[in-house]
J.: 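Before I ask anything, let me first share the structure, which is written out below as structure tokens.
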Amino acid sequence: MQPTPTSFPRGLTVLLVTTVIVLAVIPLFLHRSSEFGGADTAAQSAITEIAPDYEPWFSPVFEPPGSETESLLFAVQAALGAGFIGYFFGLKRGSRQAGR
């Protein structure tokens with residue numbers, strides 16, 4: 001006999017979703033003037049500080065036309081990765097349930 005899956009209580013689900021939203025929004029109000037730079041900018045400034053005469057030996061193959069496009073490509077990449085991970089775990093769960 002298969003064990004029946006237990007479901008989360010609806011109130012707990014609403015509480016968890018609300019907590020996540022609050023945790024995501026609070027930092028936006030606490031640090032209003034903060035600038036969220038990327039890792040590339042931080043690495044470039046660190047390299048410039050360590051070796052001011054450094055010249056890059058490689059140039060990017062493709063440079064997006066603007067920062068918004070760069071953000072869009074980053075978001076698409078993250079969404080595709082999350083979709084792949086979700087699909088993988090769903091497939092594994094389905095195959096495990098089918099094997100029972």
Side-chain angles (χ1 to χ4, degrees):
M1 176 165 202
Q2 292 184 359
T4 58
T6 59
S7 63
F8 255 40
R10 188 180 190 123
L12 183 59
T13 303
V14 170
L15 178 67
L16 288 175
V17 170
T18 304
T19 302
V20 168
I21 290 171
V22 167
L23 287 175
V25 170
I26 283 177
L28 297 175
F29 290 106
L30 292 177
H31 299 284
R32 289 180 185 246
S33 63
S34 64
E35 181 71 28
F36 297 104
D40 294 340
T41 305
Q44 185 177 13
S45 65
I47 290 171
T48 303
E49 184 179 314
I50 294 170
D53 297 332
Y54 177 78
E55 290 188 24
W57 56 272
F58 181 80
S59 62
V61 176
F62 169 73
E63 286 194 38
S67 64
E68 296 296 327
T69 306
E70 188 175 335
S71 297
L72 171 70
L73 292 174
F74 186 77
V76 168
Q77 176 187 0
L80 288 174
F84 176 77
I85 291 171
Y87 176 78
F88 175 77
F89 282 113
L91 184 68
K92 287 295 180 184
R93 182 177 181 195
S95 66
R96 186 178 40 177
Q97 287 178 344
R100 288 185 184 175

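Keep in mind that this is a model prediction, so the values were computed, not measured.
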J.: Could you list who else is in V76's hydrophobic cluster, with ILVMFWY side chains joined at under 4.5 Å, directly or through other members?
T.: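 Besides V76, the hydrophobic cluster comprises L72, L80, listed by chain and residue number.
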J.: Which residues pass the side chain to side chain contact (heavy atoms under 4.5 Å, CB included) test with L16, not counting sequence neighbours?
T.: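 L16: side chain to side chain contact (heavy atoms under 4.5 Å, CB included) contacts with F8, L12.
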J.: My understanding is that only residues two or more places apart in sequence, or in another chain, count here; which of them pass side chain to side chain contact (heavy atoms under 4.5 Å, CB included) with Y87?
T.: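 Y87 satisfies side chain to side chain contact (heavy atoms under 4.5 Å, CB included) with L91 only.
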J.: Transitive ILVMFWY cluster of V22 at side-chain heavy atoms under 4.5 Å: who else is in it?
T.: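 Members other than V22 - counting any ILVMFWY side chain reachable under 4.5 Å - are I26, L30.
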J.: Considering only heavy atoms from C-beta outward, does the side chain of F62 approach that of L73 to under 4.5 Å?
T.: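 Yes - at least one pair of side-chain heavy atoms lies under 4.5 Å apart.
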J.: Mind checking side chain to side chain contact (heavy atoms under 4.5 Å, CB included) for L23 and listing every partner two or more places apart, or none if nothing turns up?
T.: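 So L23 forms a side chain to side chain contact (heavy atoms under 4.5 Å, CB included) with T19.
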J.: For E63, run the side-chain contact (heavy atoms from CB on, under 4.5 Å) check against S59, P65, P60 and tell me which one passes.
T.: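 Answer after filtering S59, P65, P60: P60.
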J.: Side chain to side chain contact (heavy atoms under 4.5 Å, CB included) with F89: which residues, sequence neighbours excluded?
T.: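 Partners of F89 under the side chain to side chain contact (heavy atoms under 4.5 Å, CB included) test: I85.
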J.: Nearest 0.5 Å, what's the CD-OH distance between E49 and Y54?
T.: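 One gets 16.0 Å once the value is rounded to the nearest 0.5 Å.
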